[in-house]
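Single-structure report; data block below.
We're numbering straight along the sequence, starting at 1.
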Amino acid sequence: MNQQIKENIILPAWNTIKNDIKIKKYYFIPGLFSIIILTALLVYQTIYTYVVIFGNKDKALQIILDLFHSQFALEIIIGSIIFVLVYMVITPMFEGGLIKYLDQKNKCQSEDEYVSFGNAIGLGMTRFLPLFEYNNIFSEFKLISILNAYLFTIRFVGAEYISYVSYLFLVVFFFSVILNVLFAYSKYEIMLKNKNAFQAAGASAKLAIVTLFTTTRLYLLMFFLNFRVILNFIIFLSFPLVMVMALGFITTKIYLFVAIGILSILFIIFILILGYVTTVLEIFKTAIWYYAYKEALKKAEEDE
């Protein structure tokens, strides 16, 4: 990693995580929502593709899939919609608050100055609508969104066209990488320069081009940090599978209840741990892009 990137961007972002406990506490809720929604959707898409499209009628997977298509399907759908709507609302609130908080803290003259995260969220709320608009327009270019779209498309067209669909989505993925690099600073332009979604995207593209080497390197770092999704996916998929398998292998009811109870507790513990890890990583990534944004502004001013 370039020494300048390390000193001016990575280390300040890491110190933000290391020295600020309250920021992790306040950002835990959106982190937990994020891990549950994105991973649950990915698990469902994968199970559906595996069981239905490819005809692999594995009993454990089929039981999990049947849960979504049972008499409780309506309740599950309504609950999921409410959960997603809450997530869509709190995400821009806390994202905007986090960016404001980092900016306020960066402007403090000394470490003793107190910065309220609640106050930062209040200030972030003034930019809720443009940030909400940006998230809903450009979130389709995220890797997780493309992966979900890929699985959904396979379900729609059938397994016989999987090679054609794969080639198409490789092209889509390539363009998404370019767009994500260009729009890396958009949220900071929205929150700190009071621009709307499309103005912010344009300004971000200019900053990204000016600092193309740094921005591309940081995007690759973000890409590897997002590999936590694989761990989330494995845990979300494995626990339901183990529970369903227990239904088939444990015949004594008392042992079955004990086994499912223990597995449920362990699952909740893992979710909380993953929620904390997600919170830390999201704050770290936001802080990295914040300091990169400040460096990009300096570079743009110098070039002018």
Side-chain angles (χ1 to χ4, degrees), residues 1-2 4-20 23-24 26-27 30-31 34 91-107 115 117 120-121 123-124 127 130-132 134-135 137-139 141-145 176-195 197 199-229 277-301:
M1 178 86 50
N2 182 277
Q4 189 175 6
I5 295 176
K6 182 179 178 181
E7 292 180 357
N8 296 339
I9 299 173
I10 304 297
L11 289 179
W14 176 249
N15 288 332
T16 299
I17 294 291
K18 185 176 67 174
N19 300 327
D20 198 331
I23 193 174
K24 290 177 277 189
Y26 284 116
Y27 206 76
S34 174
T91 296
M93 283 174 50
F94 280 84
E95 278 184 344
L98 180 58
I99 292 172
K100 283 287 188 180
Y101 177 85
L102 291 170
D103 191 54
Q104 288 180 337
K105 193 167 184 179
N106 186 58
K107 292 177 180 177
V115 177
F117 191 81
I121 289 181
L123 293 173
R127 305 295 301 153
L131 194 57
F132 180 80
Y134 176 84
N135 281 347
I137 294 174
F138 294 98
S139 63
F141 301 111
K142 291 182 178 179
L143 175 60
I144 190 71
S145 299
S176 75
V177 170
I178 296 174
L179 292 176
N180 280 314
V181 170
L182 291 176
F183 299 154
Y185 306 112
S186 299
K187 294 180 181 180
Y188 303 87
E189 286 285 320
I190 290 172
M191 296 307 304
L192 305 179
K193 294 295 184 67
N194 296 325
K195 294 181 179 178
Q199 288 174 337
S204 174
K206 293 178 181 178
L207 291 175
I209 292 171
V210 169
T211 58
L212 188 59
F213 173 78
T214 298
T215 304
T216 304
R217 294 283 293 272
L218 291 177
Y219 178 77
L220 290 175
L221 175 62
M222 299 298 120
F223 185 81
F224 287 111
L225 288 177
N226 281 329
F227 266 98
R228 78 184 192 282
V229 174
V277 172
T278 299
T279 298
V280 171
L281 284 177
E282 287 300 319
I283 296 170
F284 184 47
K285 292 192 298 182
T286 303
I288 285 175
W289 284 122
Y290 170 76
Y291 288 107
Y293 172 68
K294 303 300 286 186
E295 291 297 309
L297 289 177
K298 292 177 184 178
K299 182 70 167 57
E301 290 177 1

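- A distance of 14.5 Å separates NZ of K24 from CD of E282, quoted to the nearest 0.5 Å.
- L281 contributes atom CG, which lies 10.5 Å from atom OG1 of T286 (distance to the nearest 0.5 angstrom).
- Considering only heavy atoms from C-beta on, Y134 comes within 4.5 Å of S186 through its side chain.
- What you find for L131 and P92 is that their closest heavy atoms are CD2-O, 3.3 Å.
- Atom OG1 of T278 sits about 10.5 Å away from atom OH of Y27, to the nearest 0.5 Å.
- Side chains of F284 and M222 form no contact here, defined as non-hydrogen atoms less than 4.5 Å apart.
- R127 contributes no side-chain N or O that, together with a main-chain N or O of G97, makes up a donor-acceptor pair within less than 3.5 Å.
- Residues L221 and K285 have side chains not in contact (no heavy-atom distance under 4.5 Å, counting atoms from C-beta outward).
- The line from CG of L207 to CG of L212 is 12.0 Å long, rounded to the nearest 0.5 Å.
- Side chains of E189 and Y293 form a contact here, defined as non-hydrogen atoms less than 4.5 Å apart.
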Chi angles and distances behind the side chain to side chain contact (heavy atoms under 4.5 Å, CB included) call for F213, I5: CA-CA 10 Å; F213 173 78; I5 295 176; 4.2 Å; yes

Side chain to side chain contact (heavy atoms under 4.5 Å, CB included) evaluation trace for N135 with K187: CA-CA 9 Å; N135 281 347; K187 294 180 181 180; 3.2 Å; yes

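- At a threshold of 4.5 Å between non-hydrogen side-chain atoms, the residues T215 and L182 do not count as touching.
- Atom CD1 of residue I99 and atom CZ of residue F94 lie 14.0 Å apart, to the nearest 0.5 angstrom.
- A heavy-atom distance below 4.5 Å is found between the side chains of Y290 and L192.
- Not one N or O on the side chain of S204 forms a donor-acceptor pair closer than 3.5 Å with the backbone of A200.
- A donor-acceptor contact closer than 3.5 angstrom is absent between the side chains of N8 and Y291.
- Atom-to-atom distance recorded for N106:CG and Y101:OH is 12.0 Å, nearest 0.5 angstrom.
- Using a 4.5 Å heavy-atom cutoff, the side chains of Q4 and T214 are not in contact.
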Step-by-step side chain to side chain contact (heavy atoms under 4.5 Å, CB included) determination, M191 to L102: CA-CA 11 Å; M191 296 307 304; L102 291 170; over 6 Å; no

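- Side-chain contact between T279 and I283: present, with at least one pair of heavy atoms (C-beta onward) separated by less than 4.5 Å.
- Using a cutoff of 4.0 Å between basic side-chain nitrogens and carboxylate oxygens, E295 and K298 are scored as salt-bridged.
- Looking at every heavy atom in both residues, L218 comes nearest to A292 through CD1-CB, 3.4 Å.
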